[in-house]
Peer 1: 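Attaching a single structure in structure tokens format; questions to follow.
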Amino acid sequence: MIRTRFAPSPTGDLHIGGVRTALFSWLYARHHQGEFILRIEDTDIERSSQEAINIILDGMQWLGFDVDEGPFYQSSRNEKYQSAITKLLETGNAYYCYCSKDELDTMRETAMARGEKPKYDGKCRNRENSPDNYDSRVIRFKTPQHGETIVNDLIQGEVRYENSELDDLIILRSDGSPTYNLSVVIDDAEMQISHVIRGDDHLNNTPRQINIFLALGATVPTYAHIPLILDENGKKLSKRHGAASVLQYKENGVLPEALLNYLVRLGWSHGDQEVFSLEEMVKLFDLQDVNKSAAAINPEKLIWLNQQYLKNYDGETLAPLLKEQLDRLSINYTQGPKLEKVCEVQKERVKTIKEMALQSRYFYEDFDDFDPVASKKHLRPVILEPLSELKNRLMALEPWDSNSIQQSITQFCEEIEIKMGKVAQPLRVAVTGNGISPSIDVTLALIGKDRVIKRLDKALEFIQARSA
RNA sequence: GCUCCCAUCGUCUAGUGGCCUAGGACGCUGGCCUCUCACGCCGGAAACAGGGGUUCGAUCCCCCUUGGGAGCGCCA
């Protein structure tokens, strides 16, 4: 049974790097009909927060990552870590260390000065008794000093480490709490994780962890270290660039499917295919096809994908999402066209739902001013007469639907021998306030007769004032 | 500094020794469509980091250089 896990530490936002790690773990489990476990690594009580936990949980739900087990919290699993440490102590695989912070610092400095790694030198490793007095003590794992540890990584291949490059890491802090490297091992062993899929920033921790598995007599899981993702400038993800919370994407009107599709193509591919439904991802994804090199995010491509998804969704699906965005903008949509209809006509002309909301304002709200550029260009004296006449015709038009409107305008244009574009665009500016909208007949139909007439009056006044 | 990882268009990638005058996608760009904005369609510019090998033949294998990245915490 394949069992994977996502193990974020709730010390900040769940950014897209973390989401991709979760995605790969989740996909791998689903692809193999395995199980996906969520574990919150909150051993650092100082930096962990409930807020961050909520963001993780909300984000996972939004993205549709269903978990088979968990969330487990490391903070409530302390006994397990303690008993493991006791066992390591008893089997001679761990020892108390009384070295002070200052001692350790100078130890590192001198090692560096000698051109070596700043490792712990094993001073307390063979100590027989505890010193007479000491400020504090920690417990260190006794890393083998000879031989090598081999990581057989599904993505990185075989990576070898000389054990002499490793040092005796602290597994229990002076305050009695276990450290990361200890708790992951205990949890992965106890939860029977078969495949540890995580960022390759953990690759160098892996030999240390393998040694702990071995000392405990536990089964070492299979590892897959996926390359990190970089910001749009090829730099490490930071708060400023790209590392915004996943929920930020939601707020910006990005569809979860589009985000996942975008993320899955970072480091993974399937020939020339760009668009993958969730089902296809599950079916096609495999760790063997994951790249080893880091990938920079490309927001424009994400947005393009989002548009592709938007285009293919129907109004029913999109309406609730548009509703959220309108709410966010405090646009009252109770008086105006049905949201489904608006979605239907807007979906292929915008890139995000947020943009759709912004572009749909005039369906629900009157505006005070015309866009300066658009009105200067299209609301000119020459159009005063035709527009006025067209208003009269529209006033008399029955029924008020896009077909009739289209017919009426076309006929009018033919009669006065004027091109469609010459009247449609001024009309558009008059009723929307700017030069962008769906086709003019649909736009008028959705805005509604009363509003159209009122806005035309206003536009006519505007033109008169301008020519005076 | 030491250890480990990486290296194809600006970006994401295909490519697993001859099919490559290197393919696709985003973006950019020329055009078509067109009532605006988009969509869609057709076309274009754009890359194998450098140097050595191995081989009849290297983007693909090996080595070095250079350039990125990660780790070396009582953070995770």
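Lettering of chains follows the sequences in order, A, B, ..., and the numbering in each one begins at 1.
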Peer 1: With sequence neighbours left out, write down each residue that passes side-chain contact (heavy atoms from CB on, under 4.5 Å) with A:Gln325, or none if nothing qualifies.
Peer 2: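 A:Arg328, A:Ile353, A:Lys354, A:Ala357.
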Peer 1: Hey, can you pull the donor-acceptor pairs under 3.5 Å for the side chains in residues 372-379 of chain A, sequence neighbours left out?
Peer 2:
| from | atom 1 | to | atom 2 | distance (Å) |
| --- | --- | --- | --- | --- |
| A:Ser375 | OG | A:Asp371 | O | 2.7 |
| A:Ser375 | OG | A:Pro372 | O | 3.2 |

Peer 1: What's the closest nucleotide to the A:Arg47 side chain, out of B:C26, B:A76, B:U36?
Peer 2: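 From the listed options, B:A76 comes nearest.
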Peer 1: Tell me, please, whether A:Phe72 has A:Arg39 positioned over its six-membered ring: NZ or CZ under 6.0 Å from the ring centre and within 45 degrees of its axis?
Peer 2: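 Pair A:Arg39/A:Phe72 does not count as cation-pi.
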Peer 1: Please determine, for the side chain of A:Val138, which listed nucleotide (B:C26, B:A76, B:C74) has the closest atom?
Peer 2: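 The answer is B:C74, which lies nearest to the side chain.
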Peer 1: State which residues pass ring-ring contact (aromatic ring centres under 6.0 Å, His included) with A:Tyr134; sequence neighbours excluded, sorted by chain then number.
Peer 2: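 Here the qualifying residues are A:Tyr98.
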Peer 1: Any luck finding a side-chain donor-acceptor pair between A:Asn211 and A:Thr143 under 3.5 Å?
Peer 2: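 No donor-acceptor contact under 3.5 Å links the two side chains.
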Peer 1: Look at the side chain of A:Tyr161 and decide which nucleotide, out of B:C74, B:U3, B:C12, has an atom nearest to it.
Peer 2: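 So the side chain of A:Tyr161 is nearest to B:U3.
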Peer 1: Less than 3.5 Å between a donor and an acceptor, one on the side chain of A:Asp201 and one on the base of B:A76, is that the case here?
Peer 2: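 Absent.
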Peer 1: How are the rings of A:Phe213 and A:Tyr223 set to each other: parallel, tilted or perpendicular (split at 30° and 60°)?
Peer 2: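 Perpendicular, since the angle between the ring planes exceeds 60°.
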Peer 1: For B:C4 and A:Gln156 - does any side-chain N or O of the residue sit under 4.0 Å from the phosphate oxygens OP1/OP2?
Peer 2: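 Negative; the distance criterion is not met.
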Peer 1: Rounding to an integer number of Å, can you tell me how far A:Tyr309 OH sits from B:C39 P?
Peer 2: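 Distance check: A:Tyr309 OH to B:C39 P gives 18 Å.
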Peer 1: With a 3.5 Å cut-off and no angle check, do the side chains of A:Thr206 and A:His225 form a donor-acceptor pair?
Peer 2: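 Note: A:Thr206 and A:His225 side chains meet the donor-acceptor criterion.
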Peer 1: May I ask you to evaluate whether A:Ser439 reaches the phosphate of B:C35, defined as a side-chain N or O under 4.0 Å from OP1 or OP2?
Peer 2: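 No, no such contact exists.
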Peer 1: Mind checking who B:C37 pairs with, Watson-Crick or G-U wobble, both distances under 3.5 Å?
Peer 2: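 Looking at the geometry, B:C37 pairs with no nucleotide.
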Peer 1: Mind checking the P distance from B:C61 to B:C37? Whole angstroms is fine.
Peer 2: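 After rounding to an integer number of Å, I get 49 Å for this pair.
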Peer 1: Going 5' to 3' along nucleotides 59-65 of chain B, which nucleotides have protein heavy atoms under 4.0 Å from the base (write B), which only from the sugar-phosphate (write S), and which from neither (write -)?
Peer 2: -------
Peer 1: Counting side-chain heavy atoms from C-beta on, which of B:U11, B:C12, B:U36 comes nearest to A:Ala295?
Peer 2: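 Comparing B:U11, B:C12, B:U36 against the side chain of A:Ala295, the answer is B:C12.
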Peer 1: Using atom C1' of each nucleotide, how far apart are B:U66 and B:G52 to the nearest Å?
Peer 2: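 Those two atoms are separated by 14 Å.
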Peer 1: Can you find a donor-acceptor pair, distance only, under 3.5 Å between A:Arg349 side chain and B:C39 base?
Peer 2: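 Flag unset: no donor-acceptor pair detected.
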Peer 1: In whole angstrom, what separates A:Asp289's CG from B:U13's C1'?
Peer 2: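 Value for this atom pair: 13 Å.
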Peer 1: Checking contacts here: which listed nucleotide (B:G24, B:C5, B:C74) is nearest the side-chain heavy atoms of A:Leu104?
Peer 2: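 So the side chain of A:Leu104 is nearest to B:C74.
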Peer 1: Rounded to whole Å, please give me the gap between CG in A:Asn205 and C1' in B:C72.
Peer 2: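 So the two atoms are 10 Å apart, to the nearest Å.
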Peer 1: Under 3.5 Å, is there any donor-acceptor pair linking the side chain of A:Ser437 to the base of B:C37?
Peer 2: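 Answer no: no donor N or O sits under 3.5 Å from an acceptor.
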Peer 1: Contact class for A:Glu41 (heavy atom, under 4.0 Å): base, sugar-phosphate, or nothing?
Peer 2: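 It contacts sugar-phosphate atoms only.
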Peer 1: Would you mind classifying the nucleic acid contact of A:His378 as base, sugar-phosphate or nothing, using non-hydrogen atoms under 4.0 angstrom?
Peer 2: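 Since no nucleic acid heavy atom lies under 4.0 Å of A:His378, the category is nothing.
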Peer 1: Among side-chain atoms of A:Gln406 and A:Thr410, is any donor-acceptor pair under 3.5 angstrom?
Peer 2: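 Result is yes, a qualifying pair exists.
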Peer 1: With sugar-phosphate meaning primed atoms plus P, OP1 and OP2, does A:Gly199 contact a base, only sugar-phosphate, or nothing at under 4.0 Å between heavy atoms?
Peer 2: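 No contact.
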Peer 1: Expressed in whole Å, how much space separates the C1' atoms belonging to B:U65 and B:C6?
Peer 2: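 Going atom to atom, C1' in each nucleotide, I get 16 Å.
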Peer 1: Could you work out the separation of B:A58 and B:A70 based on their P atoms and round it to a whole Å?
Peer 2: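 My reading of the P atoms in B:A58 and B:A70 gives 36 Å.
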Peer 1: Are OP1 or OP2 of B:G1 and a side-chain N or O of A:Arg114 less than 4.0 angstrom apart?
Peer 2: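 Negative; the distance criterion is not met.
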Peer 1: Side chain of A:Asn204, base of B:A70: donor and acceptor closer than 3.5 Å?
Peer 2: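 Pair found.
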Peer 1: What is the distance from CD1 of A:Ile297 to P of B:U13, rounded to the nearest Å?
Peer 2: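 So the CD1-P distance, A:Ile297 to B:U13, works out to 12 Å.
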Peer 1: In whole Å, measure the gap between the C1' atoms of B:C48 and B:A22 for me.
Peer 2: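 Taking atom C1' in both B:C48 and B:A22, they lie 8 Å apart.
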Peer 1: Taking the C1' atom in each of B:G23 and B:A47, what is the distance between them to the nearest angstrom?
Peer 2: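 Looking at atom C1' only, B:G23 and B:A47 are 12 Å apart.
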Peer 1: For A:Gly115, answer base if it contacts any base atom (sugar-phosphate contacts may also be present), sugar-phosphate if it contacts only those atoms, and nothing otherwise; contact means non-hydrogen atoms under 4.0 Å.
Peer 2: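 If one applies the 4.0 Å heavy-atom cut-off, A:Gly115 turns out to touch the sugar-phosphate alone, with no base involved.
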Peer 1: Indicate every side-chain donor-acceptor pair of residues 101-112 of chain A with a distance under 3.5 Å to a residue at least two apart or in another chain.
Peer 2:
| from | atom 1 | to | atom 2 | distance (Å) |
| --- | --- | --- | --- | --- |
| A:Glu103 | OE1 | A:Ser100 | N | 3.0 |
| A:Glu103 | OE2 | A:Lys123 | NZ | 2.5 |
| A:Asp105 | OD1 | A:Arg108 | NH1 | 3.4 |
| A:Thr106 | OG1 | A:Asp102 | O | 3.2 |
| A:Thr106 | OG1 | A:Glu103 | O | 2.8 |
| A:Thr110 | OG1 | A:Thr106 | O | 3.1 |
| A:Thr110 | OG1 | A:Met107 | O | 2.9 |

Peer 1: Look at all strands and tell whether A:Gln307 reaches a base, only sugar-phosphate, or nothing, counting heavy atoms closer than 4.0 Å.
Peer 2: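 A:Gln307: backbone/sugar contact only, no base atoms under 4.0 Å.
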Peer 1: Look at A:Lys80 together with A:Asp187 and state whether they make a salt bridge at an N to O cut-off of under 4.0 Å.
Peer 2: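 No, no charged N to carboxylate O under 4.0 Å.
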Peer 1: Remember a base hit wins even if backbone is also touched, and classify A:Ser136 as base, sugar-phosphate or nothing at under 4.0 Å, heavy atoms.
Peer 2: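 Base contact.
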Peer 1: Rounding to an integer number of Å, can you tell me how far A:Asp168 CG sits from B:G73 P?
Peer 2: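 It works out to 12 Å between those atoms.
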Peer 1: Counting only side-chain N and O atoms of A:Arg108, is one of them less than 4.0 Å from OP1 or OP2 of B:C74?
Peer 2: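 Checking B:C74 against A:Arg108, a side-chain N or O does come within under 4.0 Å of OP1 or OP2.
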Peer 1: Below 3.5 Å between N/O atoms, which protein atoms pair up with nucleotides 40-45 of chain B? Just atom names and distances, please.
Peer 2:
| from | atom 1 | to | atom 2 | distance (Å) |
| --- | --- | --- | --- | --- |
| B:G40 | OP1 | A:Lys311 | NZ | 2.9 |

Peer 1: If the C1' atom of B:G43 is compared with that of B:C56, how far apart are they to the nearest Å?
Peer 2: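 Roughly 39 Å separates the two C1' atoms.
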Peer 1: Contact class for A:Ser293 vs. all strands (heavy atom < 4.0 Å): base, sugar-phosphate, or nothing?
Peer 2: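 Sugar-phosphate, no base atom in range.
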Peer 1: In this structure, how many angstroms lie between the P atom of B:G71 and the OH atom of A:Tyr180, rounded?
Peer 2: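 Atom OH in A:Tyr180 sits about 11 Å away from atom P in B:G71.
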Peer 1: Could you tell me the separation between the CG atom of A:Asp102 and the P atom of B:G73, rounded to a whole number of Å?
Peer 2: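 Taking atom P of B:G73 as the reference, CG of A:Asp102 is at 16 Å.
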Peer 1: What's the closest nucleotide to the side chain of A:Ile436 if the choices are B:C37, B:C72, B:C26?
Peer 2: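 Closest of the options to the side chain of A:Ile436: B:C37.
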Peer 1: Does a nitrogen or oxygen in the side chain of A:Lys117 sit under 4.0 Å from OP1 or OP2 of B:U3?
Peer 2: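 Checking A:Lys117 against B:U3: no side-chain N or O falls below 4.0 Å of OP1 or OP2.
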Peer 1: Which is true for A:Pro207 with a 4.0 Å heavy-atom rule: it touches a base, it touches only sugar-phosphate, or it touches nothing?
Peer 2: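 Contact class for A:Pro207: none.
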Peer 1: Look at the rings of A:Trp268 and A:His270 and say which category their plane angle falls in: under 30° parallel, 30 to 60° tilted, over 60° perpendicular.
Peer 2: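 Aromatic pair A:Trp268/A:His270 classed parallel.
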Peer 1: Between C1' on B:G71 and CG on A:Leu203, what's the gap in Å once rounded to a whole number?
Peer 2: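 Result: 9 Å.
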Peer 1: How would you label the contact of A:Glu348 with the nucleic acid (heavy atoms, under 4.0 Å): base, sugar-phosphate, or nothing?
Peer 2: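 Contact class for A:Glu348: base.
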Peer 1: Rounding to the closest angstrom, what is the interatomic distance between B:A7 and B:G50 at atom C1'?
Peer 2: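 Going atom to atom, C1' in each nucleotide, I get 12 Å.
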Peer 1: Checking side chain to side chain donor-acceptor pair (under 3.5 Å) for the pair A:Asn434/A:Tyr362: CA distance, chi angles, key distance, verdict?
Peer 2: CA-CA 9 Å; A:Asn434 67 64; A:Tyr362 54 78; over 6 Å; no
Peer 1: Could you tell me if A:Ser177 and A:Asp175 have a donor-acceptor pair between their side chains, going purely by distance under 3.5 Å?
Peer 2: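 Yes - a donor-acceptor pair under 3.5 Å links their side chains.
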